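Inspection log for the structure reproduced underneath, given as structure tokens.
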Amino acid sequence: MAPPRSLAGAAIAATAAAIILSCNLSLFPHLIVSSSKFPASTSPPSPTCLSGYPTGLFYRRKCARLAARVRELEASLAVTAEKAAAERRGRVRAQQSLRALSQLEPGSDEARPTKAAASASYPLVPIGTVESCFSTRNGTPRQPLVVTLARATLVLDPARVPAAALEGLASYSHCWILYVFHLNTDLDKLWKDPARSKLKAKVRVPRLKGGKMGVLATRSPHRPNPIGLSVAKVEAVNGHTLLLSGVDLVDGTPVLDIKPYLPYSDSVKGAAVPSWLEVDGALAVESVHFSEHFISALSTCWMHVQMSLYASADEFQDLIKQALSWDIRSISQRNRPHQVSVEADANGHCGEDTDDDHHHRDTGRYGVVYHLHLEGIDVSYRIDQGSNIFVEDATLLPDAVQKRHGYLAWRDKLGSSVL
């Protein structure tokens with residue numbers, strides 16, 4: 001790449017100045033004779049005493065050579081500037097051609113502009129990552145603020161977002177989080193092979209017990225673009241990190257943007273919703289009970305948990321109760337209960353539906369075991385036909401990812417707050 005014109009011009013000017021100085025010194029060599037060669041009692045030789053120095057013709061030739069070199073540099077600079085301008089003109093023409101092609105209907109006999117907006121790509125780079133109490137998709141609340149004790153730390157990338165960008169956010173009680181559904185099972189097909197990825201116009205809705213609804217009339221994560229929008233409570237801000245609560249975000253979620261929640265514009269008075277959303281307690285369970293074995297097992301696990309966002313095992317137990325107060329099972333799990341594998345699949349989803357016979361192990365009303373992964377702990381529970389939940393055991397997950405920010409990092413920041 002050619003250097004900027006200003007730098008090259010400065011170099012030429014410096015070279016010309018050196019030439020002029022060299023010519024002056026060459027024509028008057030007595031000016032560079034060091035006085036240290038002469039005793040203090042004598043004075044430097046006069047110009048008439050310098051007849052032994054080379055003649056002025058030699059120096060004139062030297063100046064001519066240097067002047068020719070300056071002209072060569074100027075010509076080279078002009079050629080380089082012209083090449084750079086030609087490259088810029090070529091890039092502009094290529095971009096204009098691409099925009100024109102994007103506005104044409106694919107497969108048409110004659111190229112003609114479409115009535116719809118031109119297809120374009122807008123690459124988005126995450127500005128941060130979520131460290132959530134929910135290890136997998138299974139068990140993550142379907143909506144924000146449902147589980148008030150659900151906490152997460154949003155860690156922003158210092159290279160993209162300076163700490164000053166968060167100044168003033170702590171004054172808001174809530175904020176909007178825009179993020180990517182990065183654990184969608186169809187994500188690779190959607191991004192890597194979009195030609196084979198077909199949008200599902202309708203999806204099954206939990207509140208409709210498996211009934212279908214248009215995808216854009218739901219909060220389904222399987223959307224034309226896998227972008228999520230959630231509101232969360234701002235508990236504290238510290239440098240490049242935010243402590244949030246009431247989240248419905250799984251661990252590792254890439255965040256695209258943060259916006260403050262404004263009640264006067266974000267909360268619409270008299271807003272209407274479909275009747276199937278107005279049913280109270282459609283997914284609520286009757287009760288949640290903890291066995292003695294679970295309480296003992298949780299105490300043992302808690303001694304090995306590091307960097308948790310919860311101050312004690314009792315507070316963590318309250319989180320479990322809130323999370324299980326809503327039936328977190330999938331539609332197929334409720335309609336056809338089966339034994340859920342403890343280990344998550346490749347997408348980080350524990351409890352993925354399957355048709356394998358060995359997974360259908362309903363040994364009675366209390367025989368089906370389900371699993372919830374929170375803070376690196378596997379919580380196993382059963383649910384009876386009356387929607388009563390019995391939490392039975394807790395074990396440490398061997399591959400749990402340790403968080404960088406825990407309760408102790410926020411204790412002093414919050415003081416006597418919720419933590």
Side-chain angles (χ1 to χ4, degrees), residues 1-33 53-128 156-165 178 180 188 190-197 224-227 240 254-258:
M1 180 179 293
R5 185 180 182 89
S6 60
L7 295 179
I12 293 175
T15 304
I19 292 173
I20 296 173
L21 178 61
S22 176
C23 291
N24 291 336
L25 294 178
S26 300
L27 294 176
F28 302 99
H30 66 280
L31 296 177
I32 60 174
V33 177
Y53 283 82
T55 63
L57 177 63
F58 169 78
Y59 295 104
R60 285 196 295 272
R61 291 177 177 175
K62 184 176 180 181
C63 289
R65 288 195 298 271
L66 292 175
R69 179 57 178 163
V70 169
R71 289 192 293 272
E72 292 176 0
L73 292 174
E74 290 177 341
S76 176
L77 175 63
V79 172
T80 302
E82 178 59 28
K83 288 182 178 179
E87 291 177 358
R88 286 195 296 270
R89 290 194 294 270
R91 287 196 298 269
V92 171
R93 286 194 295 270
Q95 292 171 356
Q96 291 173 345
S97 299
L98 287 175
R99 282 196 293 267
L101 289 174
S102 66
Q103 295 174 358
L104 303 179
E105 286 184 350
S108 60
D109 296 334
E110 296 181 358
R112 59 183 182 274
T114 61
K115 295 182 180 179
S119 175
S121 175
Y122 302 96
L124 301 176
V125 180
I127 63 172
L156 299 179
D157 182 4
R160 297 190 59 83
V161 181
L178 284 84
V180 178
D188 287 344
L190 178 65
W191 285 350
K192 295 181 180 179
D193 194 2
R196 296 179 54 193
S197 178
N225 290 300
I227 299 176
H240 288 89
V255 173
L256 300 175
D257 199 5
I258 304 169

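Fair warning: this is a prediction, and the values are worked out from it, not measured in the lab.
- Checked against side chain to side chain contact (heavy atoms under 4.5 Å, CB included), Pro254 has the following partners two or more places apart in sequence or in another chain: Pro126, Val180, His182.
- Remark: Arg89 engages Glu82 in a side chain to side chain donor-acceptor pair (under 3.5 Å) (not counting sequence neighbours).
- The two residues Ile127 and Arg160 make their nearest non-hydrogen contact at CG2-NE, 4.4 Å.
- Summarising the geometry, atom CG belonging to Leu124 is positioned 6.0 Å from atom CD1 belonging to Ile227; distances are rounded to the nearest 0.5 Å.
- Legend: residues meeting salt bridge (Lys or Arg N to Asp or Glu O under 4.0 Å) with Glu87, ordered by chain and number and at least two apart, are absent.
- By the side chain to side chain contact (heavy atoms under 4.5 Å, CB included) test, Val79 pairs with Lys83, sequence neighbours left out.
- Residues passing the salt bridge (Lys or Arg N to Asp or Glu O under 4.0 Å) test with Asp157, sequence neighbours excluded: none.
- The pair Arg69-Glu72 counts as a salt bridge, with a side-chain nitrogen and a carboxylate oxygen less than 4.0 angstrom apart.
- Under the salt bridge (Lys or Arg N to Asp or Glu O under 4.0 Å) criterion, Arg88 pairs with no residue, sequence neighbours left out.
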Chi angles and distances behind the side-chain contact (heavy atoms from CB on, under 4.5 Å) call for Val161, Ile258: CA-CA 11 Å; Val161 181; Ile258 304 169; over 6 Å; no

